[in-house]
Amino acid sequence: MHLPARPDRNLALELVRVTEAAAIAASRWVGRGDKNAADGAAVDAMRLVLGSVSMDGLVVIGEGEKDEAPMLYNGEAIGDGQPPAVDIAVDPIDGTTLTAKGRNGAVSVIALSERGTMFNPGPCVYMEKIAVGPKGRGAVDITATATENLKELAKRLSKTVQELGVVILDRDRHDDLVAEVREAGARILSISDGDVAGAIATSWPNSGADILLGIGGTPEGVIAAAALKGLGGEIQGRLWPRHEEERTAALAAGYNLQQVLTTDDLVAGDNCFFSATAITDGEFLRGVRYHDFGVTTESLVVRSRSGTARLVETIHRHDKFTDFSTAGI
């Protein structure tokens, strides 16, 4: 009896090639005010490189349903069909608005895990989230209030609540949350987009971020879970339907909207990979830089099984990466 092949560590560098291609493609649209064109270019590039990877991939978290996403749609088969069989979650641009406006914090990200281990959010586009780094793991509970979580986290980190950095997406839906965090005395690190990077920041040395709170994209939550598994952090989530129609669809599909989704619920097992390449400058990665020799990218690659996080700086020669220009890069 032959056991199914498991993802090999060589896939880490394969995934870096994927996010690098997408980031370079998107960088051509930085500051040009067209987030759809930027996203389209990144999708084209990511799909092109993913097709060359030796794997039997299935897109669990993609650009949407097939009728609205011609490439990287949910359920699409990716790779050359050879083992290993894997689940894939992609976000060619986490921060399309950031890219279009030329602001910091845009990244291209991808996560990969063994087949059947990645959570499929179904119709639920958003989820309530809480994420912390390695030292805060086990100290927070998404069913508790923000104030209670901040007090417990402060104890665990041997800090005062006033010293905590709290990452929250700048959205009207968070007005009450922001008011509570301010009343508790913690410092708010407001971000306009890109909560994958915000979740990772809680596990990154000297980022200043201790906890992420609030409601953000469910796909981004799954992708962040893959990264945090390797970094030693923790994420919890609860599905958050946007309206009654979405709630009804989720319940009809069998989703428990009260269930607390742990890191292991979002990405089961312990053999997953994550790669992020910066499009614009961020807290721990520099964005795509053009120079006389070509293009330089900076990426973060994480593997949960080995517990490794690698920073990869790559120089792409002009005469090589321009071959991708016809594919939108």
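The model shown is predicted, which means the values in this text are computed figures rather than measured ones. Computed over heavy atoms, backbone and side chain alike; hydrogens, waters and symmetry mates excluded.
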Name all pairs fulfilling the salt bridge (charged side-chain N to carboxylate O under 4.0 Å, His left out) condition that reach into residues 248-258, sequence neighbours left out, sorted by first residue then second.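 Applying salt bridge (charged side-chain N to carboxylate O under 4.0 Å, His left out) to every pair that reaches into residues 248-258, excluding sequence neighbours, yields nothing.
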
Do any pairs count as a salt bridge (charged side-chain N to carboxylate O under 4.0 Å, His left out) and have a residue in residues 205-215, sequence neighbours left out, and if so which ones?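 As it turns out, the salt bridge (charged side-chain N to carboxylate O under 4.0 Å, His left out) pairs with a partner in residues 205-215, which skip direct neighbours, are Lys159-Asp210.
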
How long is the span from the CG atom in Leu50 to the CD1 atom in Ile88, to the nearest 0.5 Å?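 Between atom CG of Leu50 and atom CD1 of Ile88 there are 5.5 Å.
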
Within this structure, what is the OG1-CG distance for the pair Thr297 and Leu285, rounded to the nearest 0.5 Å?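 CG of Leu285 is found 9.5 Å from OG1 of Thr297.
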
Run the salt bridge (Lys or Arg N to Asp or Glu O under 4.0 Å) test against Glu163 and tell me which residues pass, sequence neighbours left out.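 Glu163: no salt bridge (Lys or Arg N to Asp or Glu O under 4.0 Å) contacts found.
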
Which residues pass the salt bridge (Lys or Arg N to Asp or Glu O under 4.0 Å) test with Asp39, sequence neighbours left out?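 So Asp39 forms no salt bridge (Lys or Arg N to Asp or Glu O under 4.0 Å) with any residue.
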
If you look only at pairs with a residue in residues 133-167, which of them pass as a ring pair (Phe, Tyr, Trp, His ring centres under 6.0 Å), with sequence neighbours excluded?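 For residues 133-167: none.
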
Residue pairs passing the ring pair (Phe, Tyr, Trp, His ring centres under 6.0 Å) test where at least one lies in residues 162-220, sequence neighbours excluded: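 Non-adjacent pairs meeting ring pair (Phe, Tyr, Trp, His ring centres under 6.0 Å): Trp204-Phe284.
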
Name all residues meeting the side-chain contact (heavy atoms from CB on, under 4.5 Å) criterion together with [X]; count only those two or more places apart in sequence or in a different chain, and write none if there are none.
X      : result
Ala106 : Leu98, Thr99, Ile279, Thr280
Thr296 : Arg289, His291, Glu313, Ile315
Ala186 : Leu150, Val161, Leu164, Val166, Val181
Ser304 : Lys229, Asp270, Cys272

side-chain contact (heavy atoms from CB on, under 4.5 Å) partner of Ser299, the single match among Val16, Leu15, Leu311, Thr314: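 Among the candidates, only Val16 passes.
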
With a cut-off of 3.5 Å and sequence neighbours excluded, list every side-chain donor-acceptor pair involving residues 116-141.
from: Thr117; atom 1: OG1; to: Ser113; atom 2: OG; distance (Å): 2.7
from: Thr117; atom 1: OG1; to: Glu114; atom 2: N; distance (Å): 3.4
from: Thr117; atom 1: OG1; to: Glu114; atom 2: O; distance (Å): 2.5
from: Asn120; atom 1: OD1; to: Gly122; atom 2: N; distance (Å): 2.9
from: Glu128; atom 1: OE1; to: Arg238; atom 2: NE; distance (Å): 3.4
from: Glu128; atom 1: OE1; to: Arg238; atom 2: NH2; distance (Å): 3.1
from: Lys129; atom 1: NZ; to: Asp195; atom 2: OD2; distance (Å): 2.6
from: Lys129; atom 1: NZ; to: Gly217; atom 2: O; distance (Å): 2.7
from: Arg137; atom 1: NH1; to: Gly232; atom 2: O; distance (Å): 3.2
from: Asp141; atom 1: OD1; to: Thr143; atom 2: N; distance (Å): 2.9
from: Asp141; atom 1: OD1; to: Thr143; atom 2: OG1; distance (Å): 2.8
from: Asp141; atom 1: OD2; to: Thr143; atom 2: OG1; distance (Å): 3.0

Those residues that, when tested against Glu180, pass side chain to side chain donor-acceptor pair (under 3.5 Å) (two or more places apart):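 By the side chain to side chain donor-acceptor pair (under 3.5 Å) rule, Glu180 matches Thr147.
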
If hydrophobic clusters are built by linking Ile, Leu, Val, Met, Phe, Trp and Tyr wherever their side-chain heavy atoms come under 4.5 Å apart, do Ile168 and Trp240 end up in the same one?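 No: no chain of side-chain contacts under 4.5 Å links Ile168 to Trp240.
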
Hydrophobic cluster identity match, Leu72 and Ile110, side-chain contacts under 4.5 Å: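 Linked within one cluster.
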
Thr277-Ser108 side chain donor-acceptor pair, cut-off 3.5 Å: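 No, no side-chain donor-acceptor pair sits under 3.5 Å.
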
Hey, is Glu20 close enough to Arg17 for a salt bridge, meaning N to O under 4.0 Å?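 Judged by the 4.0 Å cut-off on N to carboxylate O distance, Glu20 and Arg17 do not form a salt bridge.
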
Lys/Arg N to Asp/Glu carboxylate O, Lys155 vs Glu152, below 4.0 Å: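 Salt bridge between Lys155 and Glu152, a charged N being under 4.0 Å from a carboxylate O: yes.
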
